[in-house]
Protein chains: 2
Amino acid sequence: MSSEEMSGRSATTAAQVRKDLSLFGSFGKRGLGYDVADLSERLKKILGLDRRWRVALVGAGRIGSALVEYGGFAERSYDVVAIFDSDPSKVGERWGGLRVRDISQFVSVAKDQGVEIVILAIPVEAVPSVMEYVEEAGVRGILNFAPTKLKVPERVAVKDVNMVMELEALSFALSQEDEEA
Amino acid sequence: MSSEEMSGRSATTAAQVRKDLSLFGSFGKRGLGYDVADLSERLKKILGLDRRWRVALVGAGRIGSALVEYGGFAERSYDVVAIFDSDPSKVGERWGGLRVRDISQFVSVAKDQGVEIVILAIPVEAVPSVMEYVEEAGVRGILNFAPTKLKVPERVAVKDVNMVMELEALSFALSQEDEEA
DNA sequence: GCATGTGAATTACTTCACAGCT
DNA sequence: AGCTGTGAAGTAATTCACATGC
């Protein structure tokens with residue numbers, strides 16, 4: 001497949017595809033393009049998707065249930081191995097084969113289970129206290145759904161996700177059109 | 001509140017806050033900073049959040065249920081007014097006060113209900129056929145959860161969302177650390 | 001005196017365009 | 001001939017730094 005065809009399938013350009021790939025090495029053959037299977041495998045290795053990652057879900061609320069329900073993670077490289085919440089009425093519930101545990105057990109369970117990534121789906125107010133546990137447990141990456149800037153040691157990687165912001169970007173775009181009209 | 005304090009609370013810098021705001025006008029007072037209530041109101045207007053937006057959910061699968069369950073939309077400016085799916089076993093189900101309708105009714109219902117934004121939570125294979133309806137109904141914005149590039153007329157705004165990509169960015173970051181070590 | 005708003009300087013990203021390999 | 005990989009050119013975004021107004 002050529003960089004041209006790849007760009008047609010995604011939201012980018014052929015030059016961009018080539019530049020991005022060139023950052024990590026030389027994957028294609030001139031005159032021919034890229035071997036899909038080979039490229040896929042090499043990219044998986046680069047992205048760290050050639051292994052499984054042990055993930056803990058913190059926050060058994062609506063976003064949390066949405067994510068577990070969604071289930072797309074296991075098909076990828078991510079295994080949700082524990083679920084935590086601070087609400088006593090939720091602790092003990094069974095969620096897809098896992099029991100919701102009390103957040104106070106986070107450090108011991110996370111260490112025991114070798115959790116490397118946390119999906120943080122809790123309200124902003126709960127962030128500071130939960131982050132103490134997360135930090136102590138030596139978690140290395142956080143997918144953060146709370147709309148706040150996390151304070152973490154340098155070694156911890158954070159990715160912020162905020163779906164409402166995406167919707168707001170849409171309504172902004174539409175409002176702009178209205179004004180132009 | 002000063003641009004300095006705002007930057008501390010979010011993932012940006014004070015200079016960035018001032019530059020971004022200056023694009024839309026002059027909101028602050030020198031020596032004092034920004035009046036939070038005033039700024040909030042003026043930004044809502046700019047972002048088109050001073051009105052309600054009528055939203056249709058297309059795809060009553062896992063992502064769709066997750067989004068409806070999440071419920072954060074209504075608290076914002078978005079009202080989900082209709083839900084569609086093509087699976088006969090799902091059509092007719094009640095989802096939080098709405099009945100799941102067959103996708104074939106999309107055009108008439110969307111026009112009738114004044115749907116402006118569609119949340120597209122369907123598999124990639126289903127995208128082309130569904131997009132015909134969406135286009136015909138005159139929808140103006142799409143929040144796209146399908147991992148494919150939508151072909152839309154220029155007037156339609158599209159925002160792509162892909163949570164797995166965020167997770168992959170995390171595992172990439174962690175893998176990089178491993179290699180440095 | 002303090003913090004904005006903004007040109008100027010810097011840094012980052014994207015596109016161009018083509019030499020060089022298949 | 002076809003398509004990559006990549007310097008060079010061109011855009012865009014961010015940061016600096018300070019004159020200006022509260």
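Only a predicted model underlies this, so the values are computations on that prediction, with no experimental measurement involved. Numbered from 1 within each chain, the chains take letters A, B, ... in sequence-line order.
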Quiz item: D/dT14 C1' sits how many Å from B/L23 CG, rounded?
Solution: 13 Å
Quiz prompt | Residues A/R54 and A/D79 bridged, charged N to O under 4.0 Å | solution = no
Quiz item: Of all the choices, C/dA3, D/dC3, D/dT6, which nucleotide is nearest to the side chain of A/R18 once you look at every atom?
Solution: D/dT6
Quiz item: Which nucleotide in the list D/dT6, C/dT6, C/dA3 gets nearest to the side chain of B/S22?
Solution: C/dT6
Quiz prompt | Contact residues, residues 24-31 of chain A to DNA chain C [heavy atom, < 4.0 Å] | solution = A/R30
Quiz item: Can a side chain N or O of B/S3 be found less than 4.0 Å away from OP1 or OP2 on C/dT4?
Solution: yes
Exercise. Output yes when at least one side-chain N/O atom of A/Y34 is less than 4.0 Å from OP1 or OP2 of D/dG5, else no.
Key: yes
Quiz item: Could one point to a donor on the side chain of A/K19 or the base of C/dT15 with an acceptor on the other under 3.5 Å away?
Solution: yes
Quiz prompt | Sidechain N-carboxylate O distance under 4.0 Å for A/E116, A/R51 | solution = yes
Quiz item: Does B/Q16 make a side-chain N or O approach to OP1 or OP2 of D/dA13 shorter than 4.0 Å?
Solution: no
Quiz item: Can you list the residues that meet the side chain to side chain contact (heavy atoms under 4.5 Å, CB included) rule with B/R155, with sequence neighbours excluded?
Solution: B/E135, B/P153
Quiz item: Do we see a donor-acceptor contact under 3.5 Å between the side chains of B/S3 and B/R18?
Solution: yes
Quiz item: Is A/R140 salt-bridged to B/E177, going by a charged N under 4.0 Å from an acidic O?
Solution: yes
Quiz item: Within less than 4.0 Å of OP1 or OP2 of D/dT15, is there a side-chain N or O belonging to B/T13?
Solution: yes
Practice problem: Report the distance from atom CG of B/D35 to atom P of D/dC22, rounded to the nearest whole Å. | Solution: 16 Å
Exercise. Would you mind checking if B/D50 and B/R42 are paired as a salt bridge, meaning a charged N to carboxylate O distance below 4.0 Å?
Key: no
Quiz item: Could you give the CD-to-C1' distance, from A/E5 to D/dC3, as a whole number of Å?
Solution: 13 Å
